[in-house]
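Notes to accompany the following structure.
Lettering of chains follows the sequences in order, A, B, ..., and the numbering in each one begins at 1.
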Amino acid sequence: MSASSSSLCGGDPAMRSVVWFRRDLRVEDNPALAAAARAGGEVVPAYVWSPEEEGPYYPGRVSRWWISQSLKHLDASLRRLGAGKLVTRRSADAVVALLQLVRDTGATHVYFNHLYDPISLVRDHRLKEMLAAEGIVVQSFNADLLYEPWEVVDDEGQPFTMFTAFWNRCLSMQYDPPAPLLPPKKINSGDLSMCPSEDLIFEDDSERGSNALLARAWTPGWQNADKALTAFLNGPLADYSVNRKKADSASTSLLSPHLHFGELSVRKVFHLVRMKQLVWSNEGNHAAEESCTLFLRSIGLREYSRYLSFNHPSSHERPLLAHLRFFPWVVNESYFKIWRQGRTGYPLVDAGMRELWATGWLHDRIRVVVSSFFVKVLQLPWRWGMKYFWDTLLDADLESDALGWQYITGSLPDSRELDRIDNPQFEGYKFDPHGEYVRRWIPELVRLPTEWIHHPWDAPVSVLQAAGIELGSNYPLPIVELDAAKARLQEALSEMWQLEAASRATMNNGMEEGLGDSSEVPFPEELQMEVDRQRAQATANVVMTVRRREDQMVPTMTSSLNRAETEVSADLGNSEDTRAQVPFHAHFHPRVEREDMIQNTEGPALRINGTHQHNIFQQPQNHRREALAPSVSEASSSWTGREGAVVPVWSPPAASGHSETFAADEADVSSRSYLDRHPQSHRLMNWSQLSQSL
DNA sequence: CGCTGTTTCGC
DNA sequence: CGAAACAGC
């Protein structure tokens with residue numbers, strides 16, 4: 001290594017570290033950065049933009065905008081602490097880019113913080129192996145969670161399978177989550193002249209206008225996240241328990257995008273909220289105390305989403321309860337488009353979809369409403385909906401969204417039942433009792449009295465006329481009647497059980513695998529074509545010049561922008577669906593990639609007693625063995641944590657989470673036992689027998 | 001009232 | 001299903 005030449009800085013002159021930033025874009029309570037700073041050598045902060053790795057989950061426009069802003073903010077903070085500029089690299093493969101960066105800088109150490117999505121689990125494991133092979137010391141840390149997934153287990157040492165039990169255990173752990181770390185006092189900058197940065201491009205010309213609007217409503221960056229937290233703690237938090245059911249977002253924390261990109265430490269949030277809670281508890285302010293409990297529960301759901309992803313890396317693509325894989329989804333792209341455009345004829349659903357489309361934001365309750373409608377009334381494949389959320393939400397988060405959609409779809413043991421259809425009319429009066437939310441987002445209905453605002457189809461003709469509404473013309477009739485939806489849902493469920501039974505019989509007859517898996521419905525053709533178009537674009541490196549006025553706009557309540565929104569809404573009917581302009585990624589070849597991953601991860605860590613483990617996560621005992629026994633030789637890719645306990649080396653799944661072997665494994669090993677262990681599954685079983693006998 | 005059958009709702 | 005809110009006595 002060339003480190004001997006760099007003796008100008010303090011600390012160990014022979015030491016130079018790379019800190020790899022990902023979704024931990026902060027200097028406060030950032031264990032990887034703290035460790036590098038503490039080590040005393042020169043620190044090279046780095047960011048690699050490698051969205052191709054995300055496969056179909058190439059970040060959407062608003063997410064990319066957020067990253068670009070947040071990186072600028074981070075760079076400025078690092079410079080203030082003495083670091084050189086944030087080194088940026090563009091690559092289709094972050095591991096390759098990191099290795100190159102390490103060679104460029106002559107670094108001997110690499111520090112980063114853990115991520116728990118399936119892609120990262122595999123990639124980070126591969127990185128550790130490759131760096132270790134070159135003699136580089138790698139240390140990785142928990143910066144994203146209160147407790148690492150493997151720390152939270154039931155009395156038998158097994159991972160929890162229901163949220164409530166999981167969260168109760170988190171709240172009653174023997175030790176508190178680590179206290180947040182202060183920012184490093186000083187970071188030694190190395191000589192980065194040999195270490196060029198590459199320009200990162202996060203938006204094209206067509207997106208610039210919409211992105212400029214975003215900046216009016218949101219300020220990315222860790223210090224702004226901190227301000228948002230303080231504002232929330234001192235303001236809306238106390239009334240959270242009362243206000244959280246209102247559809248307009250005045251009472252939500254608005255912290256989710258900050259948390260997603262790691263601008264805000266969840267441990268800091270946790271500790272500060274608990275302190276508030278203690279104060280309010282002592283004051284006897286029960287409502288405020290309850291608010292803290294409820295808010296922390298939503299933090300807990302975020303924790304649980306990582307927990308689920310870690311223990312079931314395929315949870316963003318496949319239902320955890322096996323029988324759901326046989327649900328006959330309605331593959332209807334026209335339904336899908338109508339849902340996206342907010343033209344279902346159910347005002348609350350339509351208002352939500354238009355808000356999402358226009359602003360990239362949606363209140364949690366409304367997310368449940370629109371996704372539940374998607375799955376239960378339209379019976380569209382839930383992964384389509386999840387993908388759309390991914391493309392459009394400002395706080396798009398694969399783990400959280402997978403949890404949410406699986407919950408709605410009834411494919412988690414503690415989900416709500418699939419056969420219980422939520423009535424958007426009733427929910428409308430619950431979450432939006434005066435119809436203000438609907439009127440804000442559906443200008444067509446602005447003159448409709450509150451009495452009819454959530455069910456215009458029942459309104460007398462005279463009322464509709466007075467409001468200027470002609471159903472089926474300027475506002476649609478319900479796309480599907482709820483009674484029809486219920487009937488179709490019952491039918492679909494009994495078909496699901498028949499298929500499930502048939503599959504089970506097939507497997508009992510010695511077949512390796514059961515019948516097909518309805519969760520593998522591909523994304524719609526038009527979106528596939530979009531992929532191709534984006535691919536062509538990326539390859540040619542062509543910058544789009546067409547301004548797409550239908551692109552998402554900014555969250556705002558100002559009247560001027562409301563008017564702009566009105567125009568766009570009026571457009572919806574005849575404009576082609578342009579929402580698909582959030583790029584999909586350029587070089588996505590699922591099968592090839594999958595094989596790559598299998599090869600790449602066939603390292604020593606995946607071999608236990610010489611036997612290849614298809615998927616360590618699916619088999620708790622293996623996972624635990626792996627997790628708890630990192631050998632000394634792997635010291636470079638593990639670390640010594642609290643109380644001297646060794647924190648595990650990452651044990652990635654064999655594939656990104658959807659290989660055929662994995663499917664067999666999971667259906668057999670995981671989901672069936674999963675099914676057997678859970679009360680609700682039994683409930684569903686009873687129901688199925690009932691419906692089959694009809 | 002306080003008791004209890006019924007409905008609602010849950011990540 | 002099971003806790004909690006609710007309605008009815």
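Remark: P of B:dC11 and CG of A:Asp401 are 17 Å apart, rounded to the nearest angstrom. For the pair A:Met162 CE and C:dG2 C1', the interatomic distance rounds to 11 Å; values are reported in whole Å. Summarising the geometry, the separation between CZ on A:Phe166 and P on B:dG10 is reported as 21 Å, rounded to the nearest angstrom. Distance CG (A:Leu301) to P (B:dC11): 7 Å, rounded to an integer number of Å. If you take CD of A:Glu417 and C1' of C:dG2, they are 12 Å apart, rounded to a whole angstrom. In this structure, A:Arg416 places its CZ atom 8 Å from C1' of B:dC9, rounding to the nearest Å. Here B:dC11 presents its C1' atom at 15 Å from CG of A:Asp397, a figure rounded to the nearest Å. A:Asp422 has its CG atom 11 Å from the C1' atom of B:dG10, to the nearest Å.
Considering only side-chain N and O atoms, A:Lys430 lies nowhere under 4.0 angstrom from the phosphate OP1 or OP2 of B:dT8. For the OP1/OP2 pair of B:dC11 and a distance below 4.0 Å, the side-chain nitrogens and oxygens of A:Arg297 include at least one atom meeting the criterion.
A:Asp364 comes within 4.0 angstrom of a nucleotide base, judged by non-hydrogen atoms across all strands.
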Chi angles and distances behind the ring-ring contact (aromatic ring centres under 6.0 Å, His included) call for A:Phe295, A:Phe232: CA-CA 11 Å; A:Phe295 180 71; A:Phe232 177 66; 4.8 Å; yes
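Look at A:Asp397 and A:Arg302 and you find no salt bridge, because none of the NZ, NE, NH1 or NH2 atoms lies under 4.0 Å from a carboxylate O.
By the stacking rule of 5.5 Å between ring centres and under 30° between planes, A:Phe163 does not stack on the base of B:dC11.
Among residue pairs with one or both ends in residues 279-288 of chain A, none qualify as side-chain hydrogen bond (donor to acceptor under 3.5 Å, both in side chains); sequence neighbours excluded.
Aromatic ring pairs are classed by plane angle as parallel below 30°, tilted from 30° to 60° and perpendicular above 60°; the pair A:His455 and A:Tyr429 is perpendicular.
A donor-acceptor contact under 3.5 Å is formed by the side chain of A:Arg420 with the base of B:dG10.
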